[in-house]
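Worksheet: one structure, shown below.
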Amino acid sequence: MTVKTRFAPSPTGYLHIGGVRTALYSWLHARQYNGKFILRIEDTDRERSTQESVEAIIEGMNWIGLGYDEGPIFQTDRFDRYAEVISQLIEQGDAYHCVCSREELDAMREAQRANKEKPRYNGKCRDAKHNGADVESVIRFRNPVEGDVVIDDLIKGQIIINNRELDDLIIARSDGTPTYNLTVVVDDLDMGVTHVIRGDDHINNTPRQINMMKALGTIMRADLPKFAHAPMILGDDGKRLSKRHGAVSVMQYRDEGFFPQALLNYLLRLGWSHEDQEIFSREEMIELFKLENVNGAPSTFNTKKLLWVNEQYIKTLPAAEIAEHLQWHLDDQRLDVSNGPALNDVIEAHRDRAKTLRELAASIRYYYEDFSEYDEKATKKHFKTATPNILQNLSDKFSKLSDWNAENIQAEIYASCDELELGMGKVGPALRVAVTGSGTSPSLDITLALVGQQRSLQRLEKSVAFAKQKYA
RNA sequence: GUCCCCAUCGUCUAGCGGUUAGGACACCGCCCUUUCACGGCGGUAACCGGGGUUCAAGUCCCCGUGGGGACGCCA
């Protein structure tokens, strides 16, 4: 049987980072076994589902690079099928109409809580034989009363829940629409899902779903999928990761300058490991990932580690690939790189100095645009009374250079130091500020080579004037 | 409250009865250095508590404690 997994988010917001992790696990498991990965949109709650959310999920999946083989499948397109299954359940006695009002149910729960019991439906209509014609009614699944449900969870191990803990859940609302626990069961069965991989906040739903699957076994496939419940991701306060912890939407990570594969790499290592390896290529992930090795304990999201992982990708990815991802940030920061040095060369010079693509984009502006102001701190620290003289000396030498490359530039800088009888520490920093406007840049020879001879000379000329006026 | 899950450095983890408890991030030193980084070397730092089982327990069992989750006509 071919392995089939699915990612089944509900479109009620952005694509969440926790969702991405379970999607990744599902995707990896499918890819590892040459199986199929489905994207299914669980939009049965029409009140809260939105088209924007659907688009956000798809955009997120595209950016992060988890390709699906089927879908997106919308549950709202399958209402006829769910109705059919619900009728069948009623017919075979595994579901029934319930006429209890919301008020009645609320009161019931409140009383149970007051009584220190777990709130659940008391089964009042279970044997009342309502036919749903007279009054408004919902449909409930008739859960077995006795016995245990055993889940052999691929991550958590064996979990046993007694049917006493479960109540008769609603599978169709009073308006006739099906609810999550019914649709997920029908879909996983119909679509041939072999491995249900999801967050462990669903563990409590699993025994109910297994009971329904068993009830449906007569008319649908009788084999059950395997289950794997991945633990939640926690914020640094130990609470479940949410908006108040910062970025939880996957697209926010793009905006902040992360590579999709770095985010994936980080998420993979959060709760899973393979020996001492930290960085995994896509191929290695597929080859090495094992559901069985996923840690059962929840883990805390750590942005600093994510930054480090991202840094590793900036340091090692081919410049051309970095350029592709950098483009979004260049557009975002309104930087046109057509008029200046080759972007790939600039990336090579800066890749050891940025942790994110956003930082990288922000740090290379001076190659492409003239700056109107010098960094105040830098001029204060490095521009002295001798500065005009130094810069003029450098400028004279640079202007005579016929071959503008790093090696020659370096030689001229040293020659200047000798001639002026100054150390590099006096000459270098001033030159850097003059040409880049800032106190930091790659080594000067490379920086100047990239900025270009003409631009460098213009900037030197400008800075001589500036330094004279200000420090003479 | 009830049920379910979980428990090794601050964080992510290795460990699957016998280890000087390993690695990574972060942090702190030192080195490299024209800036900022990168890099190199070194360091601080953990088995939640209590009972068992065993010659031997971080590892197995039980009970606490702590954290997380679920308890909707949400998914």
Side-chain angles (χ1 to χ4, degrees), chain A residues 8-12 42-45 47-49 75 98 100-102 105-106 109 112-120 136-140 151 153 155-157 159-162 164-167 169-175 177 179-181 183-184 198-207 229 231-232 234 236 238-240 266 269-279 295-309 311 315 350-355 363 378 381-382 413 417 423-433 436 438-445 447:
Chain A
S10 65
T12 54
E42 312 225 316
D43 56 351
T44 54
D45 182 358
E47 302 268 308
R48 284 196 279 181
S49 299
Q75 291 192 319
C98 167
C100 295
S101 69
R102 291 168 207 255
L105 295 173
D106 286 346
R109 289 189 197 104
Q112 285 161 334
R113 274 187 206 278
N115 214 15
K116 305 200 172 198
E117 286 169 24
K118 183 192 230 174
R120 54 216 215 270
E136 184 173 83
S137 66
V138 298
I139 296 165
R140 290 182 185 272
I151 309 167
D153 193 282
I155 293 174
K156 305 273 186 180
I159 302 169
I160 301 173
I161 289 107
N162 194 289
R164 275 194 306 268
E165 299 300 328
L166 275 25
D167 64 358
L169 63 296
I170 292 171
I171 56 175
R173 304 180 179 93
S174 50
D175 66 2
T177 59
T179 62
Y180 164 73
N181 276 296
T183 59
V184 73
R198 68 212 329 183
D200 71 4
D201 49 338
H202 283 290
I203 282 189
N204 295 278
N205 290 321
T206 306
H229 289 96
M232 301 281 92
L234 274 26
D236 49 21
K239 302 287 181 207
R240 189 175 165 166
Y266 174 72
R269 270 293 280 104
L270 190 62
W272 175 88
S273 65
H274 173 74
E275 296 171 355
D276 287 339
Q277 192 168 343
E278 295 288 347
I279 303 300
N295 197 331
S299 36
T300 306
F301 193 87
N302 186 283
T303 307
K304 284 190 172 164
K305 178 86 179 249
L306 205 211
L307 277 166
W308 177 82
V309 173
E311 200 185 330
K315 271 199 290 226
H350 282 262
R351 67 193 315 164
D352 282 344
R353 295 176 162 76
K355 282 183 160 54
S363 68
K381 188 167 179 195
H382 302 301
I413 296 173
C417 288
M424 189 62 161
K426 296 264 187 266
V427 176
L431 175 57
R432 172 170 288 108
V433 178
T436 69
S438 94
T440 65
S441 84
S443 69
L444 285 164
D445 51 347
T447 304

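Excluded from the calculations below are hydrogen atoms, water molecules and symmetry mates; all remaining heavy atoms, backbone and side chain alike, are included. Below, chain A is the first sequence line, B the second, and so on; all start at residue 1.
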Just call it for [X]: base, sugar-phosphate, or nothing, with non-hydrogen atoms closer than 4.0 Å on any strand.
X: S174(A); result: base
X: E278(A); result: base
X: H202(A); result: base
X: G271(A); result: sugar-phosphate
X: R351(A); result: nothing
X: S443(A); result: base
X: P429(A); result: sugar-phosphate
X: I203(A); result: sugar-phosphate
X: S10(A); result: sugar-phosphate
X: R240(A); result: sugar-phosphate
X: P9(A); result: nothing
X: S441(A); result: base
X: E117(A); result: base
X: G439(A); result: base

Atom [atom1], compared across [N] and [M]: separation rounded to whole Å:
N: G40(B); M: U13(B); atom1: P; value: 25 Å
N: C6(B); M: C12(B); atom1: C1'; value: 16 Å
N: U11(B); M: C27(B); atom1: P; value: 16 Å
N: U65(B); M: G49(B); atom1: P; value: 15 Å
N: C41(B); M: G17(B); atom1: P; value: 34 Å
N: A21(B); M: C16(B); atom1: C1'; value: 14 Å
N: C9(B); M: G58(B); atom1: P; value: 15 Å
N: G51(B); M: A14(B); atom1: C1'; value: 28 Å

Please evaluate the base of [N] for a donor-acceptor partner in the side chain of [X] within a cut-off of under 3.5 Å?
X: R353(A); N: C36(B); answer: yes
X: N205(A); N: A75(B); answer: yes
X: R102(A); N: C73(B); answer: yes

Would you tell me if any nitrogen or oxygen in the side chain of [X] comes within less than 4.0 Å of OP1 or OP2 on [N]?
X: R113(A); N: C71(B); value: no
X: S273(A); N: C12(B); value: no
X: T44(A); N: A75(B); value: yes
X: K239(A); N: G68(B); value: yes
X: T177(A); N: C73(B); value: no

- Hey, which of these two, K116(A) or S137(A), hits RNA chain B nearer its 5' end, going by closest nucleotide? K116(A)

- Item | First encountered from the 5' end of RNA chain B, between D167(A) and K156(A) | K156(A)

In the strands shown, is [N] matched to any nucleotide by a Watson-Crick or G-U wobble pair with both distances under 3.5 Å, and which?
N: C55(B); answer: G18(B)
N: C25(B); answer: G10(B)
N: A70(B); answer: U2(B)
N: C32(B); answer: none

- Report yes or no: does R269(A) contribute a side-chain atom to a donor-acceptor pair with the main-chain N or O of W272(A) at less than 3.5 Å? yes

- Query: Base of C36(B) relative to its sugar, syn (within 90° of 0) or anti?
  - Reply: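 For C36(B), whose glycosidic angle is more than 90° from 0, the conformation is anti.
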
- Counting side-chain heavy atoms from C-beta on, which of U11(B), C73(B), C71(B) comes nearest to E136(A)?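 Nearest listed nucleotide: C73(B).
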
- Kindly point out which of C25(B), G69(B), G68(B) is positioned nearest to the side chain of L234(A)?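 Nucleotide nearest to L234(A)'s side chain: G68(B).
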
- Task: Take the angle between the ring planes of Y266(A) and F301(A) and call it parallel below 30°, perpendicular above 60°, tilted in between.
- Result: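 Plane angle over 60°, so perpendicular.
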
- Exceeds 12 heavy-atom contacts within 6.0 angstrom, atom NZ of K315(A):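 Yes - once you tally the heavy atoms of other residues, nucleotides and ligands closer than 6.0 Å, there are more than 12.
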
- Message: Under a 4.0 Å threshold between the charged nitrogen and the carboxylate oxygen, would E278(A) count as salt-bridged to K305(A)?
- Response: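 Answer for the salt bridge query: yes.
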
